[in-house]
There are 2 protein chains.
Amino acid sequence: MKRVTPKSDGGTTQKALLGLLSLGSMSGYDIRALISWSIGHFWSESYGQIYPALKRLAALGLVEKKTERTKGRPDRHVYSLTRQGQVQLKEWLRLSPVAEVQRNELLLKLFFGRHTGVDVSRAHVLALVVTQQSALRVYEAIGKRLRREKKNDPSLPYWLMTLSYGRHRSEALLQWAKETLRVLERMERGEVWRKERGDAHK
Amino acid sequence: MKRVTPKSDGGTTQKALLGLLSLGSMSGYDIRALISWSIGHFWSESYGQIYPALKRLAALGLVEKKTERTKGRPDRHVYSLTRQGQVQLKEWLRLSPVAEVQRNELLLKLFFGRHTGVDVSRAHVLALVVTQQSALRVYEAIGKRLRREKKNDPSLPYWLMTLSYGRHRSEALLQWAKETLRVLERMERGEVWRKERGDAHK
DNA sequence: GGGTGCATGTAATGGGTTACATGATTCT
DNA sequence: AGAATCATGTAACCCATTACATGCACCC
């Protein structure tokens, strides 16, 4: 049986691109570059998504394409929002965000941690510490850049909110990691202790 | 050109199923039910994944299928880990977890919040408050159940760690939401103030 | 009589990454 | 000489959800 509802609103990728183009006209390549230091800490798109999506958006009349000829390099295809695109973007922004599906491989491995023992779990948790510390440094760098280069942009407070989200989250995860490492250590000592009395290894 | 490396290790779904089956033999239906109150807060699988994956695992010899006839109901297909399956699971557990791609629609909408104004952003943040508060209640309920029913299970500490992760995360997000709501309010007042002097609306 | 739970599975559809393909320019 | 950057795009594949398909039992 065929699906009746067309359904396909094109997905969030298209909406994200509309949003980015609302900051200024850009090529697919530019978009990728912009993502990395603006929304890269909570959103990602690959070329395999970006280029086809831009084409579809153009076909829908939500963006407009202009080709800039350059010497040597391939032509730059610069896209800009149309009025329709602006409207669509605003409509989408009002809808409440759909809850994302959580899939946390670290927690999955930790959950089954008994099969490997304390040291493997500890290594996984320590890896999280490293990534979150580096995430915090990234947030700081982006924050500085924003406050310097976008001092008078009316969007600045919104951008800082997303950074703050990342900071809160990372700091909480670091706190959790600290506690978890303590627990793992206690477990290790407990295991040794039990082992000496001969009732370890199930 | 054909891909040379077979690549397909079957993905994490299969590994998650191996893990769950390490807790006891189960049917696909049981697995879905178990997920919801054990790893449901950080992992999800749909039937459309579970049934085909179990079939593949059986073909690989990592699980064994036994059919239980029941009256009235369809046959129950109960799967259990084979020795090979246990080995595979342990091997996978040792590998460091791959970082998951973040895709946070709330932050995306907040990032472009200027296009809609303060009240829309506020609504989105308030929705987050609701979901995180309910998440906290879920964690509490699961914690109680675990401490009651799995008092002597050697895996208990690992399971509690994953719960604690959720708690830390949710509490941090609530904290962030509180701060963000304050910022939004300040912005609103700022906007009004400016509006009265006639330089609002970009 | 109708909803919910038990119980299995497949097909259509959608979303997304990675590898491939191309090729000039600029920096080291 | 070789790597990195600019710049575009497609094809293959993988992963995942949702809807469909089926049907009995039990409770209200």
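Naming: A, B, ... by sequence-line order, numbering from 1 per chain.
A side chain to side chain contact (heavy atoms under 4.5 Å, CB included) with B:Val78 is found for one member of B:Glu68, B:Glu64, B:Lys65 and no other, namely B:Glu68.
Atom CG in A:Leu54 sits roughly 8 Å away from atom P in D:dG9 (whole-Å rounding). Atom CE in A:Met26 sits about 16 Å away from atom C1' in D:dA7, given to the nearest Å. Across the protein-nucleic acid pair, A:Ile31 atom CD1 and D:dC6 atom C1' stand 16 Å apart, rounded to whole Å. In this structure, CG of B:Leu17 is placed 11 Å from P of D:dA16, rounded to the nearest angstrom. Atom-to-atom, CZ of A:Arg103 to P of D:dC14 comes out at 16 Å; the value is rounded to the nearest Å. Here the P atom of nucleotide C:dT13 and the CD atom of B:Gln49 are 18 Å apart, to the nearest Å. Here D:dA7 presents its C1' atom at 13 Å from CZ of A:Arg32, a figure rounded to the nearest Å. The NZ atom of A:Lys65 sits 10 Å away from the P atom of D:dT8 (whole-angstrom rounding).
In terms of phosphate contacts, A:Thr13 brings a side-chain nitrogen or oxygen within less than 4.0 Å of OP1 or OP2 of C:dG16. B:Lys55 has a side-chain polar atom (N or O) that falls below the 4.0 Å cut-off from OP1 or OP2 of C:dT10.
Counting only residues at least two apart or on different chains, the salt bridge (Lys or Arg N to Asp or Glu O under 4.0 Å) pairs with a member in residues 116-134 of chain B are B:Arg122-B:Glu188. The ring-ring contact (aromatic ring centres under 6.0 Å, His included) contacts involving residues 96-131 of chain B comprise A:Trp159-B:Phe111, where partners must be two or more places apart or lie in separate chains. Sorted by first and then second residue, the salt bridge (Lys or Arg N to Asp or Glu O under 4.0 Å) pairs involving residues 156-172 of chain B (not counting sequence neighbours) form an empty list. A salt bridge (Lys or Arg N to Asp or Glu O under 4.0 Å) check over residues 18-43 of chain B, counting only residues at least two apart or in different chains, returns the pairs B:Asp30-B:Arg76.
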Please tabulate, one pair per line, all N/O donor-acceptor pairs under 3.5 Å involving side-chain atoms of residues 148-157 of chain B, not counting sequence neighbours.
{"from": "B:Glu149", "atom 1": "OE2", "to": "B:Arg145", "atom 2": "NE", "distance (Å)": "3.4"}
{"from": "B:Asp153", "atom 1": "OD1", "to": "B:Ser155", "atom 2": "N", "distance (Å)": "2.8"}

Report all side-chain donor-acceptor pairs from residues 39-61 of chain A shorter than 3.5 Å, counting only partners two or more places apart or in another chain.
{"from": "A:His41", "atom 1": "NE2", "to": "A:Ser38", "atom 2": "O", "distance (Å)": "3.3"}
{"from": "A:Trp43", "atom 1": "NE1", "to": "A:Glu45", "atom 2": "OE2", "distance (Å)": "2.8"}
{"from": "A:Glu45", "atom 1": "OE1", "to": "A:Thr13", "atom 2": "OG1", "distance (Å)": "3.1"}
{"from": "A:Glu45", "atom 1": "OE1", "to": "B:Arg103", "atom 2": "NH2", "distance (Å)": "3.0"}
{"from": "A:Glu45", "atom 1": "OE2", "to": "A:Thr13", "atom 2": "OG1", "distance (Å)": "3.3"}
{"from": "A:Glu45", "atom 1": "OE2", "to": "B:Arg103", "atom 2": "NH2", "distance (Å)": "2.5"}
{"from": "A:Gln49", "atom 1": "NE2", "to": "A:Thr13", "atom 2": "OG1", "distance (Å)": "2.9"}

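A:Ala135 and A:Ser170 get closest at one heavy-atom pair: CB-OG, 3.9 Å.
Listed by residue number, A:Ser44, A:Ser46 are the residues of residues 34-47 of chain A with a heavy-atom contact under 4.0 Å to DNA chain C.
For the helix from C:dG1-D:dC28 to C:dT28-D:dA1, the rotation axes defined at the first and last 5 base pairs enclose an angle of 30°, given to the nearest 10°.
Residues passing the ring-ring contact (aromatic ring centres under 6.0 Å, His included) test with A:Tyr79: none are found, sequence neighbours excluded. Applying the side chain to side chain donor-acceptor pair (under 3.5 Å) rule to A:Tyr158 yields no partners; only residues at least two apart in sequence or on another chain are considered. Partners of B:Thr82 by side chain to side chain donor-acceptor pair (under 3.5 Å), not counting sequence neighbours: none found.
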Between the protein and nucleotides 3-7 of chain C, list every N/O to N/O distance that falls short of 3.5 Å.
{"from": "C:dC6", "atom 1": "OP2", "to": "B:Tyr29", "atom 2": "OH", "distance (Å)": "3.1"}

